[in-house]
Amino acid sequence: MVAASHRLCTQRPSLLIPKHRFQQVSPNPDQPFVPFSQLQQRKLLESRLVSLLHDCNDITQIKRVHGHIVRKGVDQCCFVLAKLVRTLTKVGAPMDSYPRLVFEQVKQPNPFLWTALIRGYSLQGPFTESVILYNCMRRDGISPVSFTFSALLKACTAAVDVDLGRQIHAQTITIGGFASDLYVGNTMIDMYVKCGFLDCGHRVFDEMPERDVISWTSLIVAYAKNGDMDSAAGLFEGLPVKDMVAWTAMVTGFAQNARPREALEFFENMQDGGIQTDEVTLVGVISACAQLGATKYANWVRDVAEKSGFGPTNNVMIGSALIDMYSKCGSVEDAYKVFDRMTERNVFSYSSMIVGFAMHGRANAAIQLFEEMLKTDVKPNRVTFVGVLTACSHVGMVEHGRHLFATMEKSYGVAPSADHYACMVDLLGRAGCLEEALELIRTMSMDPHGGVWGALLGACRIHANPDIAEIAANHLFELEPNGIGNYILLSNIYASAGMWDDVSRVRMLMRKKGLKKNPGCSWVEGKKRVIHEFFAGDMTHPKSKEIKQALEDLVTRLELHGYQPNLSCVPYDVNDEEKKRILMAHSEKLALAFGLLSSSAGCTIRIVKNLRICEDCHSVMCGASRITGREIVVRDNMRFHHFHDGMCSCGNFW
DNA sequence: ATAGGGTTAG
């Protein structure tokens with residue numbers, strides 16, 4: 001019985017119908033007309049019903065077909081009903097209601113109908129229901145099919161339950177041959193890696209008798225998510241046939257691991273190879289551009305997106321990614337244009353825009369947009385609050401921030417996380433309330449992370465408070481033993497307070513740990529989307545001579561306007577001449593000089609820096625914007641600085 | 001049936 005229905009169900013009769021019909025109508029006088037057998041007619045009917053179900057997109061359509069099934073008297077046909085259950089699952093009908101009822105009305109469900117139900121629960125949960133059903137199925141003596149195991153493994157993945165997954169893995173081996181099934185193997189890899197057992201996933205991969213591009217891609221993604229792009233690239237290299245999804249996994253992997261240049265490199269190779277691009281690829285590429293801050297490149301990517309048919313008006317994800325990209329490329333206006341054009345907005349779109357305003361010091365715009373958002377159906381999330389609180393912090397709106405923080409859980413259902421505490425510490429700290437900030441940390445119900453203590457340490461630098469700085473730093477040294485920035489910040493705080501013994505103590509500590517200062521690096525976009533990169537003291541650029549000369553000329557002019565090099569920005573114990581030399585070689589100054597040389601008057605100069613901009617460079621940028629009449633936008637690792645006519649948007653407070 | 005997706009923080 002089981003075997004018979006099995007044979008019935010594995011056929012895809014829809015492809016056979018035209019052929020049968022053709023044979024019937026072809027005139028052949030030698031062959032008498034043979035009517036369809038009852039079985040043939042029934043198969044024809046079933047395949048028609050299945051294809052009807054295939055086109056159903058909502059529950060009313062499905063109900064209509066169901067009525068048809070009942071009227072035609074095939075309401076016990078498991079093949080058709082399995083399709084019905086799968087379709088119901090697809091449109092999101094709750095498993096316990098309609099799909100369950102369909103299943104329970106059948107006297108002898110076949111493996112496919114069982115599996116359709118198991119699969120439904122593995123998508124919607126409760127995931128234990130999938131396992132219960134599997135056990136019932138075995139108890140009734142029904143043999144599972146490979147699809148059954150895929151569905152069960154998917155439930156394990158969704159429930160992040162590797163123990164159950166291992167049991168099912170064992171079953172696929174004992175029950176007979178299922179472990180060598182390609183689909184089962186692929187789902188198994190996915191289960192192991194999503195549960196965090198990459199090595200197990202790799203072993204399954206190694207043991208599979210047959211693999212396809214999906215097996216490889218699952219592993220590539222797993223390595224990428226683990227931060228191991230080199231292994232991912234090694235696998236990708238060995239992948240015989242690379243499809244769009246595999247390429248996209250590489251592009252996205254590099255983007256997510258802060259290696260935007262390689263992400264773009266892969267994207268370009270992908271295009272050269274004639275591989276199609278879809279919205280998922282573009283999201284990765286846009287995110288890479290955002291990290292690079294490369295405006296011309298960004299505009300090109302936007303063109304590519306719109307030519308491929310994806311723009312802010314028809315795709316929320318692309319739109320939100322573009323908002324982020326334009327904000328990070330220094331143009332909050334362009335970001336807002338995108339936001340404005342979007343026909344559909346979700347929490348990502350709003351949060352990205354709010355964060356964008358905050359980054360650019362447009363706190364009022366951020367808060368206003370937040371209030372606008374509250375009038376819509378879109379609910380704020382953790383990120384939204386990080387954005388608004390950051391905005392308050394940058395303009396010193398202490399009271400507003402306090403109020404938001406106090407009410408966010410009650411009014412909006414977002415419980416403050418350590419990140420939000422970090423924002424509050426930043427807000428209070430910048431406003432000079434260092435003790436209150438420290439007290440707030442002490443009241444936290446969760447463990448404060450590096451961000452919280454880091455915000456306090458940063459505030460101590462602004463307000464020159466070495467005592468509290470020491471408390472914050474000690475926590476940071478424990479939490480982030482290799483975070484070089486913390487040591488430098490603390491030593492700078494001691495240095496400005498003239499506590500030289502403590503300065504050398506911190507330096508000793510750094511030396512003992514073998515920590516070296518990250519090299520400062522800035523980049524600026526030249527002509528033709530080429531990105532020019534400068535390290536501190538870097539003389540490797542082909543135009544180094546001109547750059548050095550241009551910088552000297554600029555500084556000479558600035559000195560006439562009262563500029564004096566801020567020697568305290570050099571935390572080394574060297575003479576003043578040497579300090580001046582070091583200051584003149586800061587990467588952001590090199591980038592500025594190159595930008596002035598290589599762009600025409602009236603062009604905004606956009607510079608991106610990997611570290612926080614130093615005070616001396618900040619004042620040079622201010623001065624340069626005045627005497628050259630240029631707009632200068634610097635993105636450092638924290639925020640944006642818009643220099644215009646001698647002033648900066650950060651209000652010299654960063 | 002099975003693979004790829006956007007935002008935050010010192």
Query raised in the report: Hey, does A/Thr252 reach any base, or is it just sugar-phosphate, or nothing, if we go heavy atoms under 4.0 Å?
Result: sugar-phosphate

Requested in this report: Output yes when a side-chain donor or acceptor of A/Thr343 lies under 3.5 Å from a complementary backbone atom of A/Thr313, and no otherwise.
Outcome: yes

Query - Between C1' of B/dT7 and NE2 of A/His420, the distance in whole Å - result: 12 Å

Query raised in the report: How is A/Val425 classified with respect to the nucleic acid when contacts are heavy atoms under 4.0 Å: base, sugar-phosphate, or nothing?
Result: nothing

Query raised in the report: When you check the phosphate oxygens OP1 and OP2 of B/dT7, does a side-chain N or O of A/Arg345 lie under 4.0 Å from one of them?
Result: no

Report task. Could you work out which one of B/dA3, B/dG5, B/dT2 sits closest to the side chain of A/Asp212? Result -> B/dT2

Query raised in the report: Hey, does A/Thr384 reach any base, or is it just sugar-phosphate, or nothing, if we go heavy atoms under 4.0 Å?
Result: nothing

Query - Atom-pair distance (NZ on A/Lys194; C1' on B/dG4), nearest Å - result: 9 Å

Query raised in the report: Base, sugar-phosphate alone, or nothing: which one does A/Leu476 contact when heavy atoms must sit under 4.0 Å apart?
Result: base

Query raised in the report: Starting at NZ of A/Lys225 and ending at P of B/dG4, how long is that distance when rounded to a whole Å?
Result: 6 Å

**Report entry** Length of the line joining A/Arg211:CZ and B/dA3:P, which is rounded to integer Å
**Finding:** 18 Å

**Report entry** Test applied, ring pair (Phe, Tyr, Trp, His ring centres under 6.0 Å); reference residue, A/Tyr350; option that passes from A/Phe339, A/Phe385, A/Phe370
**Finding:** A/Phe339

Query raised in the report: With a non-hydrogen cut-off below 4.0 angstrom, is A/Val355 in contact with a base, only sugar-phosphate, or nothing?
Result: sugar-phosphate

**Report entry** Spacing between A/Ile220 atom CD1 and B/dA3 atom C1', to the nearest angstrom
**Finding:** 10 Å

**Report entry** N-O pairing of A/Arg302 and A/Glu306 below 4.0 Å
**Finding:** yes

Report task. Would you check if A/Phe147 stacks with the base of B/dA1, given a 5.5 Å centroid limit and a 30° plane limit, both strict? Result -> no

Requested in this report: Have a look at A/Gly454 and say if it touches a base, only the backbone sugar-phosphate, or nothing, with a 4.0 Å heavy-atom cut-off.
Outcome: base

Query raised in the report: A/Ser351 near the nucleic acid: base, sugar-phosphate alone, or nothing, with a heavy-atom cut-off under 4.0 Å?
Result: base

Query - Lys/Arg N to Asp/Glu carboxylate O, A/Asp334 vs A/Lys337, below 4.0 Å - result: yes

Report task. Would you classify A/Thr248 as touching base, sugar-phosphate or nothing, given that sugar-phosphate means primed atoms plus P, OP1 and OP2, and contacts are heavy atoms under 4.0 Å? Result -> base

Report task. Looking only at side-chain atoms of A/Glu480, point me to the closest of B/dG10, B/dT2, B/dG4. Result -> B/dG10

Requested in this report: Step by step, work out the salt bridge (Lys or Arg N to Asp or Glu O under 4.0 Å) result for A/Glu436 and A/Arg402.
Outcome: CA-CA 12 Å; A/Glu436 189 185 341; A/Arg402 273 206 188 104; 2.7 Å; yes

Report task. Identify whether any heavy atom of A/Gly429 sits under 4.0 Å from a base atom; if not, whether one sits that close to sugar-phosphate; answer base, sugar-phosphate or nothing. Result -> nothing

Query raised in the report: What is the distance, rounded to the nearest whole Å, between atom CG of A/Leu404 and atom C1' of B/dT8?
Result: 15 Å

Query raised in the report: Has A/Lys154 got a side-chain N or O lying under 4.0 Å from the OP1 or OP2 atom of B/dA3?
Result: yes

Query raised in the report: Taking 4.0 angstrom as the limit, do A/Glu615 and A/Arg461 come out as a salt bridge?
Result: yes

**Report entry** Listed nucleotide nearest any side-chain atom of A/Asp426, set B/dG10, B/dT7, B/dG5
**Finding:** B/dG10

**Report entry** Carboxylate-amine/guanidinium contact A/Glu265 A/Arg259, below 4.0 Å
**Finding:** no

Query - Side chain of A/Asp324 - closest among B/dG10, B/dT2, B/dT7 - result: B/dT7

Query raised in the report: So, is A/Lys328 near the phosphate of B/dG6, with a side-chain N or O under 4.0 Å from OP1 or OP2?
Result: no

Requested in this report: Look at the side-chain N and O atoms of A/Gln256 and state whether any lies under 4.0 Å from the OP1 or OP2 oxygen of B/dG6.
Outcome: yes

Report task. Please determine, for the side chain of A/Val283, which listed nucleotide (B/dT7, B/dG5, B/dG10) has the closest atom? Result -> B/dG5

Query raised in the report: If you check the A/Val386 side chain, which of B/dT2, B/dT7, B/dT8 turns out closest?
Result: B/dT8

Query raised in the report: Closest to the A/Arg119 side chain: B/dG10, B/dA1, B/dA3?
Result: B/dA1

Query - Distance-only donor-acceptor test, A/Glu279 side-chain atoms vs B/dG6 base atoms, 3.5 Å - result: no

Query raised in the report: Starting at CZ of A/Phe205 and ending at C1' of B/dT2, how long is that distance when rounded to a whole Å?
Result: 14 Å

Query raised in the report: Contact class for A/Ser215 (heavy atom, under 4.0 Å): base, sugar-phosphate, or nothing?
Result: nothing

Requested in this report: Can you figure out which of B/dA3, B/dG5, B/dT7 approaches the side chain of A/Phe348 most closely?
Outcome: B/dT7

Report task. Measure the distance from CE on A/Met250 to P on B/dG5 and round it to the nearest whole Å. Result -> 13 Å

